[in-house]
Amino acid sequence: MSEPSSASNFIREIVTADHAAGKHGGRVVTRFPPEPNGYLHIGHAKSICLNFGLANDIPGGICHLRFDDTNPTTEDPEYVQAIQDDVRWLGFDWHEKMFFASDYFERLFEFAVHLIGKGLAYVDTLTAEEMRTYRGTLTEPGKNSPSRARSVDENLDLFRRMKAGEFADGTHTLRAKIDMAAPNINLRDPVLYRIRHATHYRTGSAWCLYPAYDYAHPLSDALEGITHSICTLEFEDHRPLYDWVVKQADAPHRPQQIEFARLNLTYTVMSKRKLLELVSKKLVHGWDDPRLPTIKGLRRRGYTPEAIRAFCDHIGIAKREATVEMQLLEHFIREDLNKRAPRVMAVLRPLKVILDNYPDGQSEELGAINNPEDPAAGSRQVPFSRVLYIEQDDFREDPPKQFFRLAPGREVRLRYAYIIKCVGVTKDPQTGEITELHCTYDPLTMSGVAQEQRKVKATIHWVSAAHAVKAEVRLYHPLLATDLAKMSPDQDWTTALNPSSLERITDCLVEPSLRQAAPGSRYQFERLGYFCTDQDSTIEAPVFNRTVSLKDAWAKIEKAQPSK
RNA sequence: UGGGGGAUCGUCUAGCGGUAGGACGCCGGCCUUUGGAGCCGGCUACCUAGGUUCGAUUCCUAGUCCCCCAGCCA
């Protein structure tokens with residue numbers, strides 16, 4: 001990737017200054033370290049853009065992809081694959097520098113032996129329950145575990161036996177010997193290793209002893225020669241422990257941890273726990289459900305990596321907790337797709353229009369511009385005939401103020417075609433529902449012909465009944481109907497879900513050029529929005545996802561109108 | 001009544017002692033064969049109170065409010 005440098009931020013300043021000062025031997029090595037226990041989301045994209053972006057922009061910089069797989073009970077190779085796919089799809093490259101914390105288990109064990117030898121770690125026999133009691137509280141100091149006085153030899157012996165599988169889960173831990181009275185709770189003899197007789201997706205049953213994050217992470221960083229270890233704010237008070245581990249283990253290298261605020265977005269959820277809950281309870285259709293802020297979801301919905309990167313660059317990096325408006329994300333996908341999505345005509349909610357004065361059985365091919373923003377996109381032919389469908393929203397029997405579209409006796413232009421006039425409305429005698437419109441067309445108003453005196457206030461899209469292709473369109477609405485921040489924590493957060501976040505319309509009609517739309521291809525349905533061909537789409541049954549609507553000035557006017 | 005962080009337009013963000021800027025959003029207008037796009041203009045922001053200084057969003061002090069931490073999760 002060779003895009004213009006991102007806007008600066010405090011982390012970029014630190015890294016740039018360190019690089020200029022020749023710190024770390026002039027190297028810059030960052031890392032993106034997900035635990036493979038879920039799919040990546042837009043919040044991870046922020047971190048990916050930061051870490052890889054930094055490495056890309058600084059000469060000689062490199063960003064590692066490291067799987068922080070130290071907990072065998074939550075991790076799965078499915079996630080390892082998905083994470084690699086997503087990072088690549090976002091446009092980043094780890095240049096072969098892909099690592100697994102689980103590959104360091106042996107070396108991590110040796111560091112622990114070293115720590116024990118220095119008298120800085122001990123095997124504790126307290127139960128989890130007891131350990132909690134001994135830890136003290138936020139305001140009261142903890143007290144030393146009886147195990148703290150064990151000799152180095154005894155610790156070494158016990159630790160090796162822990163590794164050998166002699167003890168059951170939960171019976172022993174390895175703890176750092178720091179300070180049980182430390183005001184920072186993370187320093188009150190944190191657990192370094194715990195026993196887990198579980199199968200790890202990579203190391204199988206080779207280990208029953210697993211290093212904790214606070215121990216494995218700093219040492220993994222050190223082993224890889226990471227210079228700047230960037231993480232989110234909640235790890236701020238782990239930094240003293242991070243530094244302690246690297247220093248006391250006599251690691252070959254001292255990385256610097258820097259924290260920034262994670263991304264929050266309005267109307268959606270970003271925690272792995274909640275996303276997993278949505279997927280496992282089938283509240284959505286999977287990790288790639290287009291309603292989700294996962295990378296896979298956004299991708300299926302039609303988002304481009306370029307738009308996501310532009311968004312990430314734009315929101316900036318800071319330490320203040322912030323919630324970005326979804327509209328900003330939408331702005332970036334509109335901006336990107338406006339420049340490159342080919343325009344087509346599609347009618348979501350069809351209303352039949354019969355052109356009384358257009359010869360029955362006749363049809364013609366009309367030239368249509370593929371993208372007014374991109375002359376190189378060329379043009380195509382769209383068939384026109386006597387019976388058409390227009391959007392139900394484009395006709396009002398009793399038009400409100402400022403409604404410029406079709407109404408009895410009124411004229412509109414059909415995009416790329418003629419000006420038509422509504423001369424009759426047919427209704428279902430039973431329901432009173434409008435079933436079809438009778439219109440006349442003016443053959444002298446063919447699109448492209450100068451029409452000095454014929455100005456109409458609206459141009460609407462249409463499809464030819466005889467040529468249109470039936471399609472399903474899926475519209476997505478916000479995942480959440482209620483702001484989670486306004487809910488009490490004891491309430492079930494899923495009650496905040498928007499029950500109508502997915503709207504499927506199965507009898508849409510699209511222009512024939514869309515018949516063979518390939519899954520993943522993106523279009524602008526004129527006047528409606530940007531749509532992406534879904535992976536479920538087939539030639540027999542095309543399916544389109546609405547990525548985002550176009551900005552809708554009329555919707556605003558209508559909403560602002562007094563009533564009705 | 002511990003520790004660690006953070007407070008700038010509605011939202012995100014810039015500012016590094018010298019006229020508080022940008023983006024989104026919103027409101028007008030122009031333009032338009034997409035009520036899209038584009039163009040032009042506008043939109044009650046420095047948490048509070050003191051102090052230092054010719055001058056403070058910036059430095060200092062004291063408050064206020066918000067977030068994180070008591071997993072053998074990461």
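It should be emphasised that the depicted structure is a prediction, and the values quoted were computed from it without experimental measurement. Order of the sequence lines sets the chain letters (A, B, ...), proteins ahead of strands, with each chain counted from 1. Because only heavy atoms are used, hydrogens play no part in the values below, and waters and symmetry mates are left out as well, while side chains stay in.
Between the side chain of A:E373 and the base of B:G36, a donor-acceptor pair under 3.5 Å is found. Counting atom types as modelled, A:R405 pairs a side-chain N or O with a base atom of B:G35 as donor and acceptor under 3.5 Å. One donor-acceptor pair, N or O on each side, does fall under 3.5 Å between the base of B:U33 and the side chain of A:R413.
Using a 90° window around 0 for the glycosidic torsion, B:G71 falls inside it and is classed as syn.
Qualifying side-chain hydrogen bond (donor to acceptor under 3.5 Å, both in side chains) partners for A:Y201, counting only residues two or more places apart in sequence or in other chains: A:D69. The side-chain contact (heavy atoms from CB on, under 4.5 Å) search around A:N370 returns A:A377, A:R380, not counting sequence neighbours. The side-chain contact (heavy atoms from CB on, under 4.5 Å) test applied to A:R343 returns A:N338, A:N371, A:P372, A:E373, A:Q524, A:E526, A:Y530, not counting sequence neighbours. Contacts of A:E166 classified as side-chain hydrogen bond (donor to acceptor under 3.5 Å, both in side chains), with partners at least two apart in sequence or in another chain: A:R161. For A:A346, the side-chain contact (heavy atoms from CB on, under 4.5 Å) test picks out A:V510, A:F525, with sequence neighbours left out. With sequence neighbours excluded, the residues satisfying salt bridge (charged side-chain N to carboxylate O under 4.0 Å, His left out) with A:E411 are A:R454. For A:S147, the side-chain contact (heavy atoms from CB on, under 4.5 Å) partners at least two apart in sequence or on another chain are A:Y122, A:D124, A:T125, A:S145, A:R150. Scanning for side-chain hydrogen bond (donor to acceptor under 3.5 Å, both in side chains) contacts around A:T304 gives A:D336, with sequence neighbours left out.
The separation of B:U11 from B:U48, taken at their C1' atoms, amounts to 23 Å, rounded to a whole angstrom. Across the P atoms, B:G22 and B:C60 are found 29 Å apart, a figure rounded to whole Å. Spacing between B:A49 and B:C65 at atom P, rounded to whole Å, works out to 16 Å. If you take atom C1' in B:C27 and the same atom in B:U61, they sit 43 Å apart, rounded to whole Å. Between the C1' atoms of B:U44 and B:C26, the separation comes to 14 Å (whole Å).
For the pair A:K163 and A:F109, the cation sits on the ring face: its NZ or CZ lies under 6.0 Å from the ring centre, inside 45° of the axis. Cation-pi geometry between A:R522 and A:F531 is not met at under 6.0 angstrom from the ring centre and within 45 degrees of the axis.
The listed nucleotides are B:G2, B:C72, B:G35; the one nearest the side chain of A:T139 is B:G2. Comparing B:G35, B:C12, B:U34 by their nearest atom to the side chain of A:F403 picks out B:G35.
Computed from coordinates, the A:R527 CZ to B:U32 C1' distance equals 13 Å when rounded to whole Å. If you measure from atom CG of A:D393 to atom C1' of B:U34, you get 15 Å, rounded to the nearest angstrom. Taking atom CG of residue A:N264 and atom P of nucleotide B:U13, one finds them 11 Å apart after rounding to whole Å. We find that CD1 of A:I315 is positioned 21 Å from P of B:G22, with the value rounded to whole Å. Rounded to whole Å, atom C1' of B:A74 lies 15 Å from atom CG of A:L275. Atom CZ in A:R188 sits roughly 13 Å away from atom P in B:G2 (whole-Å rounding). Computed from coordinates, the A:L192 CG to B:G71 P distance equals 17 Å when rounded to whole Å. At whole-Å resolution of the value, CG in A:N9 and P in B:C16 are 16 Å apart.
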Would you list the protein and nucleotides 66-70 of chain B atom pairs, both N or O, that sit under 3.5 Å from each other?
| residue | atom | partner | partner atom | Å |
| --- | --- | --- | --- | --- |
| B:C67 | O2' | A:E321 | OE2 | 2.7 |
| B:A70 | O2' | A:R135 | NE | 3.1 |

Using nucleotides 23-25 of chain B, report all nitrogen or oxygen pairs with the protein that are shorter than 3.5 Å.
| residue | atom | partner | partner atom | Å |
| --- | --- | --- | --- | --- |
| B:A23 | O2' | A:H314 | NE2 | 3.0 |

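Among pairs with a residue in residues 166-187 of chain A, those fulfilling ring pair (Phe, Tyr, Trp, His ring centres under 6.0 Å) read A:F167-A:H172, at least two apart in sequence or across chains.
Two residues, A:P372 and A:T323, neighbour RNA chain B, and the one matched to the more 5' nucleotide by heavy-atom proximity is A:T323. Each of A:V191 and A:V324 lies near RNA chain B, and the nucleotide nearest A:V324 is the one positioned closer to the 5' end.
Ring pair A:H238/A:F235: centre-to-centre distance below 6.0 Å. Between A:Y215 and A:F111, the distance separating the two ring centers is not shorter than 6.0 angstrom.
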If you write RNA chain B from 5' to 3' in dot-bracket form, with Watson-Crick or G-U pairs under 3.5 Å, [ ] for crossing pairs and | for pairs with another strand, what do you get? .((((((..((((....[..))))((((((.......))))))...(((((..]....))))))))))).....

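Base contact: A:A128 has a heavy atom under 4.0 Å from a base atom. Counting non-hydrogen atoms under 4.0 angstrom, A:Q524 reaches a base of the nucleic acid. Across all strands, A:Q402 comes closer than 4.0 Å to base atoms (heavy-atom distances). When heavy atoms are screened at a 4.0 angstrom cut-off, A:F260 is found touching no nucleic acid atom at all. Using a 4.0 Å heavy-atom cutoff across all strands shown, A:E526 reaches at least one base atom of the nucleic acid.
Counted by atom type alone, A:E277 and A:W493 present one or more donor-acceptor pairs between their side chains at under 3.5 Å.
The shortest distance between the side-chain N/O atoms of A:R343 and the OP1/OP2 oxygens of B:G36 is not below 4.0 Å. Taking 4.0 angstrom as the limit, A:T266 places none of its side-chain polar atoms (N or O) nearer than this to OP1 or OP2 of B:U11.
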